[in-house]
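Note: hydrogens, waters and symmetry copies are ignored here, and every other heavy atom, side chains too, is used.
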Protein chains: 2
Amino acid sequence: MTDEGRWEDQVLALDNQTCFALYAANRAVTALYRPLLAQLGLTYPQYLVMLVLWEAETSQDMVKVSFLGRRLRLDTGTLTPLLKRLENQGLIWRRRDDGDERVVRLGLTEDGRNLKAQARTVPGQLLCSSGLEPGRLASLRDELRSLLEQLEEGPSGESP
Amino acid sequence: MTDEGRWEDQVLALDNQTCFALYAANRAVTALYRPLLAQLGLTYPQYLVMLVLWEAETSQDMVKVSFLGRRLRLDTGTLTPLLKRLENQGLIWRRRDDGDERVVRLGLTEDGRNLKAQARTVPGQLLCSSGLEPGRLASLRDELRSLLEQLEEGPSGESP
DNA sequence: CCCAAAATGATTGTGCACAATATAATTGTT
DNA sequence: AACAATTATATTGTGCACAATCATTTTGGG
């Protein structure tokens, strides 16, 4: 019967909130990446962009900014300056499409392609330094993905 | 036997990475909060600070900046300007401790205390607009908390 | 007491995130 | 062909996050 037991306050308790756990865990994981990615000269969002470009390397068509945005759920206000920094580092190039002058095509430079070899060691190092079981991580990933899916599909009205 | 099936590239595949799921889910949830908190004139980190202050309201001793930092895992570079904004909004006050001039004490103003009533509706609205089951959320929260705990406790060497 | 070390915040600088707005090119309609 | 609507990116401004550095105060050892 203590005062802090009131249910009205329980819903506001920091420790009860999944969202705070998500917020704190995300920053903790990013902090784990930071020293590893620093060796590659990348921040975590820059690393994500490079992942997409490395994935798309095999496909024929060059990547557009809008494709990165859809893939990473980031808008141009975030991507444009980030991509300019990657370009200044010599990891990527940016060029207006010849056919459609609105779109900017992106691609890897020689340095950008070569960085992939070093990046391959990152997931393993991270897993190791975190001391987490791969199985638990995978199930957490699936849980987060289905949450993300639900948030993106039906955020508002559900009337069929 | 396609080229993209190579295991060296699988570890770099965006969709396989728990960390990206965490990153994307965190931003999606924050985006859900944004319109709700805008009605209170708060951002999500500001809301978290207010949660801690509302929790501490019942306890005797006034909150220090360092306490907020430990609770939310944020440093003063983030908190000082954030707290100044809350002070400018009239929700909190900041004052140097009389006994120890190094510490800054924080407390709620009348407006800050009154805002709690409106804030109580936020978790329910969020749950509703997300369409998620409370049970799944709670288990996700526990999973994230144990992950956070593990990351914070033993980030490096594990020799006993 | 005196001075070095530690504790506590503040400041500065860089890099995301995102809302709002702007700009330019393309498309569709007439 | 003219023009409205759409598409794709860029710009501006605000607010986190965090590293690095600084300033002040307190504390502890000699």
Side-chain angles (χ1 to χ4, degrees), chain A residues 19-20 22-35 37-38 40-50 62-89 94-106, chain B residues 19-20 22-35 37-38 40-50 62-89 94-106:
Chain A
C19 308
F20 174 66
L22 201 53
Y23 169 79
N26 176 49
R27 284 187 300 119
V29 168
T30 305
L32 256 190
Y33 268 104
R34 200 167 296 120
L37 296 181
L40 314 189
L42 295 176
T43 65
Y44 184 65
Q46 289 169 6
Y47 171 68
L48 293 178
V49 166
M50 295 302 287
M62 287 171 291
V63 170
K64 300 193 278 186
V65 173
S66 59
F67 175 73
L68 274 181
R70 275 193 306 278
R71 203 86 169 75
L72 301 175
R73 277 86 171 171
L74 293 172
D75 69 1
T76 64
T78 301
L79 287 174
T80 298
L82 188 157
L83 293 171
K84 285 181 179 173
R85 282 186 283 270
L86 289 180
E87 187 183 31
N88 288 339
Q89 291 180 45
R94 306 186 313 134
R95 193 181 324 121
R96 288 279 168 190
D97 188 288
D98 291 334
D100 189 338
E101 284 286 335
R102 294 171 303 176
V103 336
V104 170
R105 298 283 177 181
L106 307 169
Chain B
C19 308
F20 174 66
L22 201 53
Y23 168 79
N26 177 50
R27 285 187 298 118
V29 168
T30 305
L32 255 191
Y33 268 104
R34 200 166 297 120
L37 296 181
L40 314 189
L42 296 176
T43 65
Y44 184 66
Q46 290 168 5
Y47 171 69
L48 293 178
V49 166
M50 295 301 288
M62 287 172 290
V63 169
K64 301 193 278 187
V65 173
S66 59
F67 175 74
L68 274 180
R70 277 193 305 278
R71 203 87 167 78
L72 301 176
R73 276 87 171 172
L74 293 172
D75 70 1
T76 64
T78 302
L79 287 174
T80 298
L82 189 157
L83 293 170
K84 285 181 180 175
R85 281 186 282 270
L86 288 179
E87 187 183 30
N88 288 338
Q89 291 180 46
R94 306 186 314 133
R95 193 180 325 120
R96 288 279 167 189
D97 187 289
D98 291 336
D100 188 338
E101 285 286 334
R102 293 171 304 179
V103 337
V104 170
R105 298 282 178 181
L106 307 169

Short side-chain N/O contact to [N] OP1/OP2 from [X], under 4.0 Å:
X	N	result
A:K84	D:dT11	yes
A:T76	D:dT11	no
B:R70	C:dT8	no
A:Y44	C:dG15	no
A:R85	C:dC16	yes
B:R27	C:dC16	no
A:T80	D:dA10	yes
A:Y23	D:dA17	yes

Close side-chain approach of A:L86 to A:Q46, heavy-atom, < 4.5 Å
yes

Side-chain heavy-atom pair B:T78, B:L72 within 4.5 angstrom cut-off
no

Rounded to the nearest Å, what distance is computed from the [atom1] atom of residue [X] to the [atom2] atom of nucleotide [N]?
X	N	atom1	atom2	value
B:D97	C:dA7	CG	C1'	13 Å
A:L83	C:dG15	CG	C1'	13 Å
A:Q46	C:dA17	CD	P	10 Å
A:Q89	C:dT14	CD	P	14 Å
B:E87	C:dA10	CD	P	10 Å
B:M62	C:dT8	CE	C1'	16 Å
B:L74	D:dA19	CG	P	12 Å
A:L37	D:dC18	CG	C1'	15 Å

Hey, does [X] reach any base, or is it just sugar-phosphate, or nothing, if we go heavy atoms under 4.0 Å?
X	value
B:S66	sugar-phosphate
B:G69	nothing
A:D75	base
B:R105	nothing

Nearest-neighbour nucleotide for the B:V65 side chain, D:dC18, C:dG9, C:dA19 considered:
C:dG9

Taking the side chain of B:T78 as its heavy atoms from C-beta onward, which of D:dC16, C:dT26, C:dA17 lies nearest to it?
D:dC16

Take A:L82 and A:E101, find for each the nucleotide of DNA chain C with the closest heavy atom, and name the residue whose nucleotide sits nearer the 5' end.
A:L82

Ignoring hydrogens and geometry beyond distance, is the side chain of A:R102 in donor-acceptor contact with the base of D:dT7 at under 3.5 Å?
yes

Of A:D100 and A:G77, the one whose closest DNA chain D nucleotide lies more 5':
A:D100

Exceeds 12 heavy-atom contacts within 6.0 angstrom, atom CG of B:D98
no

Donor-acceptor check, side chain of A:R73 to backbone of A:R71, threshold 3.5 angstrom: yes or no?
yes

Begin with the C-alpha distance, continue with both residues' side-chain angles, and end with the deciding distance and a verdict on side-chain contact (heavy atoms from CB on, under 4.5 Å) for B:Y44 and B:L37.
CA-CA 7 Å; B:Y44 184 66; B:L37 296 181; 4.0 Å; yes

Salt-bridge present (A:E87, A:R94; N to O < 4.0 Å):
yes

